Amino acid sequence: MRLSVAFRYAHRSHASIRRSRAGVKVLNSENRFIPVNSAVYLRVREASSTGGTSETVVCFKSHPRKNDGPLYESAVGDIVQRSREELKAIREPNPGLKPTLAIIQAGEDDGLLEVNKKMAGKIGLNVMQICLPHQCREEEVIEEILRLNADSRVHGIFLHLPQSFLSKSVCNAIKPQKDVDGVSDLNVGRVVLGDQRDGFASPVAGAVLEMLARHDAPLVGKMAVLLGLEGPLKATLQFLLQNNGMMVQTHQWSSKHLQKQIMDSDVVVFLETGHKGLPPTWLRPGVAVINLSSALMEGKFSSTSHFEVFVAAVVICQHVVRSSRRWIQEQQYQPWRLRPLKLQSLSPVPSDIEISRAQTPKPISQLAQEIGLLPEELEAYGNTKAKVHLSLLNRLQHQPNGKYVLVAGITPTPLGEGKSTVTIGLVQALSAHLKLNSFACLRQPSQGPTFGVKGGAAGGGYAQVIPMEEFNLHLTGDIHAITAANNLVAAAIDARILHEATQSDRALYSRLVPSVNGVRCFSPIQMARLQHLGINKSDPSGLTPEEVRAFVRLDLDPEKVTWQRVVDTNDRFLRKITVGQANTEKGHARQTQFDIAVASEIMAILALTDGLADMRARLGLMVVGSSRNGQSITADDLGVTGALAVLMKDAIKPTLMQTLEGTPVFVHAGPFANIAHGNSSVLADKLALKLVGEEGYVVTEAGFGADIGMEKFFNIKCRTSGLRPDVVVLVATVRALKMHGGGPNVTAGVPLPKEYINENLQLVADGCSNLKKQIQIAHLFGVSVVVALNVFKTDTQAEIDMVCRIAEASGASAAVQCHHWSRGGRGSVELAHAVKKVASQKNHFQFLYNLQDSIVEKIRTIAQKVYGADDIELSPEAQAKIDHYNQQGFGALPICMAKTHLSLSHMPEKKGVPTGFILPIRDIRASIGAGFIYPLVGTMSTMPGLPTRPCFYDIDLDPVTEEIKGLF
């Protein structure tokens with residue numbers, strides 16, 4: 001049985017209640033109590049488990065008192081006053097809050113709405129009425145409930161529906177926090193357990209308690225008998241009474257010794273089931289009797305109903321206020337309750353995939369809860385990864401940011417020096433061992449290196465993101481979305497060139513602005529193009545022939561198309577291709593190329609955007625080529641911007657994962673640092689900085705060496721985000737330092753020469769010149785440096801001590817050895833302490849150049865101050881591009897150098913700190929949507945190739961267990 005909504009005053013004639021014992025009060029017509037030999041009855045609408053609607057009559061009996069006030073009016077008034085005061089306290093710091101009660105009903109009876117509006121108005125709430133058809137289906141009710149669940153403006157949901165609609169599926173569809181009628185199983189269970197901190201009991205039961213509280217004697221220690229009750233109503237009343245200190249017995253009408261139990265009780269609540277009721281002789285003086293009789297009623301409500309209708313209504317409104325208070329509390333920053341995972345390291349260290357598979361990750365929903373994310377902010381992709389909604393930024397907009405830590409590196413070998421493992425080891429040490437909130441922000445790896453030479457990017461050893469297979473492969477599909485969006489632009493370009501070349505202005509216009517059902521109109525993006533052309537007309541029939549021509553003709557020059565197709569695979573044979581060779585393309589062939597997907601400007605936009613609106617605007621600004629008269633053609637001109645935003649709407653959300661020790665990681669965006677700006681997304685960093693709290697740490701990684709990834713982090717990413725780093729962690733390895741000191745070449749897939757395995761202090765000392773230079777580059781920006789020496793098992797203590805000593809002598813604030821690969825977070829505790837100390841010190845961050853400097857001067861500044869070049873040399877093509885970009889108004893954009901990562905110079909074979917060279921600028925391109933100019937230095941390629949023996953030789957799938965083998 002479910003009690004539904006409201007109290008009614010059940011008028012009884014004096015004769016009909018003379019049987020009651022003396023000393024009872026009853027409401028008169030003015031709703032005031034008068035001492036008579038009768039009873040006070042409270043009638044409520046109820047739905048029985050067998051279907052149908054019945055009436056509940058509640059009878060209160062008590063001794064007469066002098067100056068008895070209006071009991072019902074007093075109850076309602078008290079609740080209203082308490083609720084108003086509570087709401088006022090809530091709204092003082094949240095003036096825009098207006099809690100709303102949503103009523104779902106079948107039909108258009110406005111009586112209940114008027115009652116609730118009256119009570120809500122007294123308190124200061126909104127009431128929303130949703131009228132469904134009388135014959136609506138259960139699915140429609142649930143659909144409406146789910147919509148209201150997701151509406152943050154609604155804080156209470158009330159179902160004013162026939163019993164046939166109120167299935168468990170319907171009742172349990174209501175979010176428990178919004179179930180102000182207490183009908184869901186979870187809320188009933190909370191009553192049973194005596195824990196209503198996060199739920200609600202039935203407002204009818206609450207109103208009964210409110211009235212019992214006004215009984216002459218206190219309830220604590222009194223005996224209550226529940227007779228003939230079943231189901232949730234019985235459970236709710238029983239445990240509510242017990243929670244208020246009463247002893248409760250439950251009986252059926254057939255129970256033995258029933259008369260004695262009734263006569264010994266102080267409160268009797270009963271439901272008649274074919275019986276005539278309790279004999280008056282069973283009731284001792286002063287007993288409170290609540291009679292839940294089964295008298296049929298229509299259940300109609302109106303604004304003229306008796307005063308008792310408002311008792312339940314005001315209790316519901318009280319629940320709405322409390323729901324809004326809980327909602328506000330949920331919106332505040334929540335302290336972390338992180339439970340690290342235990343990590344047992346083995347020696348020798350197993351393979352990365354074996355380590356990853358040996359650790360059982362926490363359910364991603366659990367991790368999200370531990371770090372203060374709300375359920376509605378999480379979009380799960382399986383059990384171990386989830387997208388996080390950007391609404392978090394609004395919720396925590398007033399929360400101070402944590403400390404911002406950048407991990408960069410010295411100029412690396414082709415094998416990489418472990419920036420990802422240092423990043424992960426550092427956050428494992430901070431959170432799992434120092435008990436400080438920390439977040440790692442990493443880029444999503446491209447499948448090019450994963451199946452090529454370098455392998456995955458999930459870290460390694462006991463400092464990994466898990467599951468590493470999911471991290472290194474498709475993840476949540478962001479790169480696929482970028483590929484689809486990028487290639488849609490490419491398809492639109494070639495299709496537009498073909499159609500313009502083969503159709504008249506009139507035919508083009510008819511197809512671009514077709515008549516649909518006799519109506520012809522411009523789409524929103526076409527209206528934007530008209531405004532861009534200076535044509536202020538909205539009627540397609542009103543354009544002149546000259547305006548039609550300007551509208552339909554982009555006149556893209558096939559030789560000046562700068563947009564390339566992309567694929568997320570290393571494929572050297574796509575570096576130069578010919579498209580349009582089929583007969584259907586009517587001879588409109590042209591030469592073009594493929595880039596690797598992460599080199600797409602859309603990837604750069606994803607990494608630099610701060611929200612959907614900004615991303616859409618940036619996508620529209622992307623320049624895809626030039627017209628024959630030299631005008632830039634954009635994605636907006638092609639009319640494809642909205643479709644790109646649709647393809648990217650999920651990719652904009654960072655993906656939440658975890659480390660081997662159960663600490664949180666954001667994985668988002670993945671631009672290469674040698675051909676793009678090489679950093680994870682601004683959005684991931686901003687979300688993480690809010691989540692960790694003011695005393696927490698966000699550790700983000702810049703690609704390749706500090707001369708590339710770190711420089712772009714400062715000059716591009718920090719300009720865009722407005723964020724400022726607190727410390728740089730500069731990763732070095734003895735292996736790389738020996739290479740820079742004159743050691744033999746290091747080649748992926750080939751065993752290391754003996755110089756890298758045996759101690760060689762001279763090579764290390766000479767190679768530290770590169771480490772010193774990278775420290776100096778960080779100091780150009782006014783940021784302190786902590787050197788993290790990523791220790792390998794072949795390193796000797798003498799080599800380790802030498803590197804740390806030279807690093808500190810070269811200006812590093814600290815230099816520590818790190819053993820996270822073999823020990824996990826405990827191997828980076830010393831690094832974590834150093835980072836904590838240095839990050840607390842004030843730095844003097846500054847940009848390297850002013851945006852108002854000329855393009856040439858900005859390039860020269862980077863070349864001389866960062867790379868150590870004597871000067872730059874512009875090719876004629878590069879100079880012509882600079883002149884064109886200046887003419888187009890792009891001269892104030894930052895610079896993103898596309899340069900080899902294997903040397904400070906443009907020559908990969910030049911190690912250490914090359915000097916005396918001129919930096920050649922072969923070409924210059926513009927990523928206007930991303931917001932930077934990128935010069936191509938030397939023979940830089942945007943499509944890697946596969947080596948003789950790629951990683952894919954070792955990768956396989958067990959068809960029985962479905963386990964992946966060979967990833968690293």
Side-chain angles (χ1 to χ4, degrees), residues 146 149-150 338-339 341 352-353 356-357 359-393 395 420 424 427 439-447 450-451 456-459 464-485 568 597-598 602-603 606-607 609 611-612 615 645-671 680-688 691 957 961-964 967:
L146 296 178
N149 282 344
L338 189 70
R339 181 185 64 83
L341 298 176
D352 291 350
I353 197 166
S356 173
R357 198 165 285 150
Q359 183 70 292
T360 301
K362 291 182 278 191
I364 201 66
S365 58
Q366 177 186 330
L367 175 63
Q369 185 180 34
E370 289 176 354
I371 62 174
L373 284 167
L374 302 180
E376 57 266 27
E377 293 169 341
L378 208 66
E379 186 177 326
Y381 283 63
N383 198 40
T384 55
K385 56 187 183 293
K387 289 285 192 181
V388 174
H389 288 259
L390 304 186
S391 59
L392 172 68
L393 286 175
R395 178 168 70 86
S420 296
I424 297 163
V427 295
F439 231 112
C441 292
L442 300 176
R443 291 172 294 164
Q444 179 183 353
S446 164
Q447 291 183 23
T450 300
F451 292 103
Q464 290 189 58
V465 179
I466 57 172
M468 66 93 76
E469 307 100 302
E470 296 183 20
F471 178 93
N472 284 319
L473 297 177
H474 305 283
L475 198 62
T476 48
D478 294 355
I479 293 180
H480 299 318
I482 290 166
T483 302
D568 196 33
V598 293
I602 298 176
M603 174 63 86
L606 178 67
T609 189
L612 275 171
M615 182 180 72
V646 168
L647 287 171
M648 294 294 295
K649 73 178 182 66
D650 292 321
I652 198 173
K653 306 166 194 168
T655 299
L656 178 67
M657 296 188 75
Q658 63 191 283
T659 68
L660 278 166
E661 297 192 54
T663 67
V665 178
F666 272 141
V667 187
H668 201 214
S680 64
S681 76
V682 167
L683 282 170
D685 290 358
K686 285 187 172 182
L687 289 169
L691 283 169
L957 179 71
T961 64
E962 299 186 7
E963 287 187 345
I964 297 170
L967 274 180

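Just so you know, residue 1 is the first one in the sequence shown, and it goes up from there. A quick note: this is a predicted structure, and the numbers were derived from the prediction, not measured.
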Report task. Take Thr663 and Leu338, measure what side-chain contact (heavy atoms from CB on, under 4.5 Å) needs, and give me the verdict at the end. Result -> CA-CA 8 Å; Thr663 67; Leu338 189 70; 4.1 Å; yes
Report task. Might you work through the side-chain contact (heavy atoms from CB on, under 4.5 Å) test for Leu656 and Tyr381, ending with a clear yes or no? Result -> CA-CA 10 Å; Leu656 178 67; Tyr381 283 63; over 6 Å; no
Query - Ile353 and Glu963: CA distance, side-chain angles, deciding distance, side-chain contact (heavy atoms from CB on, under 4.5 Å) verdict - result: CA-CA 10 Å; Ile353 197 166; Glu963 287 187 345; over 6 Å; no
Report task. Check step by step if side-chain contact (heavy atoms from CB on, under 4.5 Å) holds for Leu341 and Arg339. Result -> CA-CA 7 Å; Leu341 298 176; Arg339 181 185 64 83; 4.0 Å; yes
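Val598 approaches Ser446 most closely through the heavy-atom pair CG1-CB, 3.8 Å. The two residues Ala368 and Leu378 come nearest to each other via the heavy atoms CB-CD2, 3.6 Å. In plain terms, the two heavy atoms of Arg443 and Phe471 that are nearest each other are O-CZ, 3.7 Å. The two residues Pro445 and Asn472 have their closest heavy-atom pair at CG-OD1, 3.6 Å. Listed here is the closest heavy atom pair of Leu390 and Pro654: CD2-CD, 3.9 Å.
Aromatic ring orientation, Phe666 versus Phe439: parallel (interplanar angle below 30°, classes split at 30° and 60°).
By the side chain to side chain contact (heavy atoms under 4.5 Å, CB included) test, Thr609 is found to be paired with Asp614, Met615, Arg618, Ile652, Leu683, residues two or more places apart in sequence or in another chain being considered. Remark: Glu470 engages Thr384, Lys385 in a side-chain hydrogen bond (donor to acceptor under 3.5 Å, both in side chains) (not counting sequence neighbours). Partners of Asp685 under the side-chain hydrogen bond (donor to acceptor under 3.5 Å, both in side chains) rule, at least two apart in sequence or in another chain, are Tyr404, Thr700, Lys717. With sequence neighbours left out, the side-chain hydrogen bond (donor to acceptor under 3.5 Å, both in side chains) criterion links Glu377 to Arg395. Asp650 meets the side-chain hydrogen bond (donor to acceptor under 3.5 Å, both in side chains) test with Lys653; sequence neighbours excluded. Residues that satisfy the side chain to side chain contact (heavy atoms under 4.5 Å, CB included) test with Ala651, not counting sequence neighbours, are Asp478, Ala481, Met648.
In this structure, Leu606 CG and Gln444 CD are separated by 9.0 Å, a value rounded to the nearest 0.5 Å. Of the inter-residue distances, the one linking Asp352 atom CG with Ile466 atom CD1 reads 12.5 Å to the nearest 0.5 angstrom.
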